[in-house]
Participant: 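Pasting in a structure now, in C-alpha cells, and then I'll have a few things to ask.
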Amino acid sequence: MATGIVGEFLDLKSETEADVLAMQCGDFYEFFAEDAELVADELDLKVSQKSSHGSSYPMAGVPLSELTPYAKALVERGYRVAVADQYETDDGHAREITRVITPGTLLETTDAEARYLAAIVRDGDADGTGGPYGLAFADVTTGRFLVTEAADEGELRAELYRFDPAELLPGPLVRNDDAVLGAVREELSGSVSLFDAEAFAPGRARHAVRERFGAETADAVGLDSELAIRAAGSVLAYVAETGTGVLASMTRLTAYGAADHVELDATTQRNLELTETMSGDGDGSLFDVVDHTVTSPGGRLLREWLTRPKRDRDALERRLDAVETLAESALARDRLRETLAGAYDLERLAARATSGSAGANELLSVRDTLALLPELADAIEASPLAGSPVADVLRRPDRGRASALRDELAEALAEDPPNTKTQGGLLRRGYDAELDELIERHEEVKRWLDGLAEREKRQYGLSHVTVDRNKTDGYYIQVGKSVADDVPDHYREIKTLKNSKRFVTDELAEREREVLRLEEARGELEYELFEALRADVAAEAELLQDVGRALAELDALGSLATHAAGNDWTRPTLADSRSLSIEAGRHPVVERTTEFVPNDLELDADRGFLIVTGPNMSGKSTYMRQAALIQLLAQVGSFVPARSATVGLVDGIYTRVGALDELAQGRSTFMVEMQELSNILHSATEESLVILDEVGRGTATYDGISIAWAATEYLHNEVRARTLFATHYHELTTLADHLPRVANVHVAVDERDGEVTFLRTVREGPTNRSYGVHVADLAGVPAPVVDRADEVLDRLREEKAIEARGGGGGGTTQAVFDLSSGSFETGTGARGNDGGDEVEATADGVEATADGVEATTGEGERGVDDALDPETRAVLEELTDVDVAETAPVELLSRVRRWQERLE
Ligand code: ADP
Ligand code: MG
C-alpha cells in the first residue's frame, strides 16, 4: 500500500467518482499513478517518477495558475476532474476535494455550441423498461434549463439525440435500463455520471426545484409531471455539488411538451442529416448549408429551430413574415447583420457574471452588446422592417432596463482594463469619489518616488543615483560605488553590491509605507466596487438572457432570409389540409453542389401514398428527402427550395433509410430495419409524413416483398399517413391499382445503345420493368446468363399471385391477378385492371403476408377466396353485408350463432 503523498492522493481519489484527480502540492497541482499517465497521454505533459517509501510512481504536474486550461481540455474530452486543494492547519497542512469539474458543468468553454447536462428518470419496477421518462436539460454556460416528459423510449432517444448532452445523469432505475444505456452509447458522445440516487427521489427533487425557482414558478411553468420534476431536481443538486458557483446562471425553468413540436425521432434527425451527415460530419448537413449566422448564439438558436420544427401555424406565419420582410430588404438586412456581428454571447456572459468569474473585459462586452439595442432599433425603424415581426422581436426585452445597465457599466468601467482583476485599472475616474481620492494620493506618492532620484542628485550633487524597489529590500536609493562615500549622513546603508550600494532614508521608508498602504486600499476598494458592479450585472441575468435571445433570434431570422434570397427559395403556403404540393422542388443541400433538376410532387387527401421506383442512382432517395426537408423547413418558418409549395402541417416526420444506403455506413442489420419500421407503424398518424426508402432489403426477396407489401397496406388503410415509399421491388407498383390513395411515380432514365442517362426527372406511373437483370445486361454480363436470369425471374413471378387488401370504404378493394392463369380475377366489387400487361404480382410469401395483415389490419380484411366451399362463401358474404351500427345486439348475437352452425 502506498503511503506518504502518493498514499494521500490515492485515498482522496477513492473518495470521488471523478476520472482524474488534481491534488495541490505547494505551487503545483500534481497527478499521480494512472492519473499521471492519462493526463500525460491526453495533454502531452511530461511524466516523471516519484519515489515514495520504496516504490516508484508516475507523476505529472501543472503550476497552480495553469490548472484551468488543462482541466478544461480534459473535461472537453469527456473526463471529470476532481480538484483537491491544500489548506493550512495547526500542525502543517491538509488537503480535501473542493470541486469536481465535469463535462456538463464546465463554464470555461470556448466551444460556441450549447453544452447540456441531462438527467433521465423513469418510474416503475426495477426490471421494467419503456417509459414514461422524465428529462431535464441544463446548459450552465447559457442558463438554459428545460424539462419535459418522454412517453416512451423512442421519444427519449429523439430528445437525447436533439440535445446531444455533454454529460448524462441516469436516475436509479435508468442505470439498469440496457435499452437506454445502449442508445446513449451508440448515439451520443457525452459521458455518463452516476450521481447520488437520493437526489432523484421525488421529495428531495421537488424541494430543490422550489428552493431554486420558488413554489409559484415551479407550478406556473406547468410542471405537473413528477418525473420531470425529479429530473430537474437532480440536475440542480448535481450542479450545486460539482459546479461551484454556476447554479446561479439558471434563472428560469421551461417546460415543454411533445405536442408543441413536430415529432422527429433520432433516426429521422440522422437520416435527414439535419446537423450532421450520415457519416458524422458537420459539413454537408442542412444546418451547415443554411447557417449564415454572425454570432454563436444565433447559430445555436438556428440549430435548435432545425431540430425542433413547430406545429403552431400562427407562430410559423409570424416567422415567415419576418423572413419574408428580411429577404426582400437586402440593405436593411445587411445593416442589421453587420450590427449584430458586433454582439457578444450575452447568455454566456450572464452565466459568467452570476458565477463570479467574469472580469472587467467581459463586463465591457456586456456594455458593448447592450449598446447595440438602440442602434438596431434605429436601423429597423428607418427601414422596411419597421412594423414587421422583426421589429417585435427587438421590442420583447426591456430596453429601458438594458439601457440603464449599459449606462452604469459605461460610467464604471475603464476603457482598456487589464486582464487581472486585482491589479487596479478596472474602473473609470469619476465613478467613485473615495476611490478617486485614493488613486489621487497613490499617484501623488508615486510621483514623489519617481522624482526622488532626480531630486537627490541635484540636492547632494550625486551622480549615478536610481530609486527602485524589490521584494526583499522594498524601496531603496541605489548609488554607484564611485560616489557611495559622498552620500549625506541621513542615508542608511542596507546592502553592498559589486558596483553599488543601497540606502534608505526615514522619509523614503515613510513614503514606502504610505505607498503600500494606498496600493492595497486602492486595490481592495476597486475590487470591491468591481464585485458590486458584477453583482449588479448578475442581478440582471434574466434581462441579459432576454436580450441575448432576441439578438440570437434576429440573427437566425437574418440567416434564413439571407439563404432564401441568395438561393432563390420561396415562401411556402401553409395549409391545414393533408397535402404536400411542390412545384419545381429541389434538395436544399444537393442543389448547392450539383446542377440540380427540379421536380414536382403532389400529395393530397386522395393521393396520399406515392410509390417511387427507378433504377439505382436515379435519384429516388434525393427526391424523397427533398420532400421531407421542404416539409421540415416550412415548419421551421423558413423559405423552401421550390418554385412554389403548399405545405399541409404535419405532427411528425418519420423516415427509414434502406439497408443499402445504411450498409454503406456500416450500421444496419435487418433487426434494426424492422425496429425502425415498427416504430413508424406505431407512431405515425394521419397527420404525419412518412418516408420509406426501401423496406425489406435486409432479408430474402420474398420475405422483403411480403413485408413491404403488408406495411404499405397498413400505412394506407390504417395509419393513413402521407407517405413516400421508394422501392426496388417493382412488384409493389401493382398496389396502385388496388389501393385508392396509392399512386406510382418513377424517376426517368434514358437508355440508348446500352447507355443509361439519368434524367433526374420524376414522372407519373411505375417504371416499366424491373431493373436488376437489366443492369446486369448493361454491365456486360454474358447474354446466356442474362437470358436465364430473365427466365428465372418470370418463373418466380408466376408461382402465385397476391391480393391487395384494404382500401377502406366502398368495398371496391380486392383483386387477384393470377399470372399462372394469365387472368385478372376480381372479388365482390373489385376494380378491374385496365393496363393488364403492366400488372405484376408475385410471391411465395402469401402466407406470411396474409398473417401479417390479419394481425394488424382488421377492418381491411375483405378477401373472399374462390377455393372456399359455397356455404362458407355465403356466410362470409352475409357477414360482409351486416350493418353493425344498424343491427340490434340481440339480433347480431343470434346471427353469429346461426353462422357458426352453418360453418360446422
Ligand atoms: P437512388 O436513391 O435512386 O439510388 P440517389 O437519390 O441516391 O439515387 O441519387 C443518386 C445521385 O444522383 C446523387 O448523388 C444525387 O446527387 C444525384 N441526384 C439525385 N437527384 C438529382 C436531381 N434531381 N438533380 C441532380 N442530381 C440529382
Ligand atoms: Mg437510394
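Start at 1 and go down the list; that is how both ligands and their atoms are numbered. Because the structure is predicted, anything quoted here is derived from the model rather than measured.
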Participant: May I ask you to list the atoms of ligand 1 that are less than 4.0 angstrom from any heavy atom of Gly619?
Facilitator: 1 (P), 3 (O), 5 (P), 6 (O), 8 (O), 9 (O), 19 (C), 20 (N)
Participant: N/O/S of Asn616 less than 2.8 Å from the Mg ion (ligand 2)?
Facilitator: no
Participant: Answer with yes or no whether Gly614 contacts ligand 1, where contact means a heavy atom under 4.0 Å from a ligand atom.
Facilitator: no
Participant: Output the list of atoms in ligand 1 that are nearer than 4.0 Å to some heavy atom of Val590, sorted by atom number.
Facilitator: 16 (O)
Participant: Can you find an N/O atom of Phe596 closer than 3.5 Å to an N/O atom of ligand 1?
Facilitator: no
Participant: For ligand 1, which is the ligand I care about here, please tell me if Asn616 has any N or O atom under 3.5 Å from one of the ligand's N or O atoms.
Facilitator: no
Participant: Judged on heavy-atom distance to atom 1 (P) of ligand 1, which of Glu595, Glu591, Met617 sits nearest?
Facilitator: Met617
Participant: Salt bridge check, Arg586 against Glu595: does any charged N sit closer than 4.0 Å to a carboxylate O?
Facilitator: no
Participant: I want to check a possible cation-pi pair here: Arg319 against Trp305, using under 6.0 Å from ring centre and within 45° of the ring axis as the test.
Facilitator: yes
Participant: In ligand 1, which numbered atoms sit nearer than 4.0 Å to a non-hydrogen atom of Thr622?
Facilitator: 5 (P), 6 (O), 9 (O), 15 (C), 19 (C), 20 (N)
Participant: Below 4.0 Å from any atom of ligand 1, is there a heavy atom belonging to Pro615?
Facilitator: yes
Participant: With only distance considered, is Tyr623 within less than 3.5 Å of ligand 1 through an N or O on each side?
Facilitator: no
Participant: Below 3.5 Å, N or O to N or O, backbone or side chain included: is there any such pair between Lys620 and ligand 1?
Facilitator: yes
Participant: Distance from Arg308 atom CZ to Leu301 atom CG, nearest 0.5 Å?
Facilitator: 11.5 Å
Participant: Heavy atoms only, cut-off 4.0 Å: how does His587 contact ligand 1, side chain, backbone, both, or neither?
Facilitator: neither
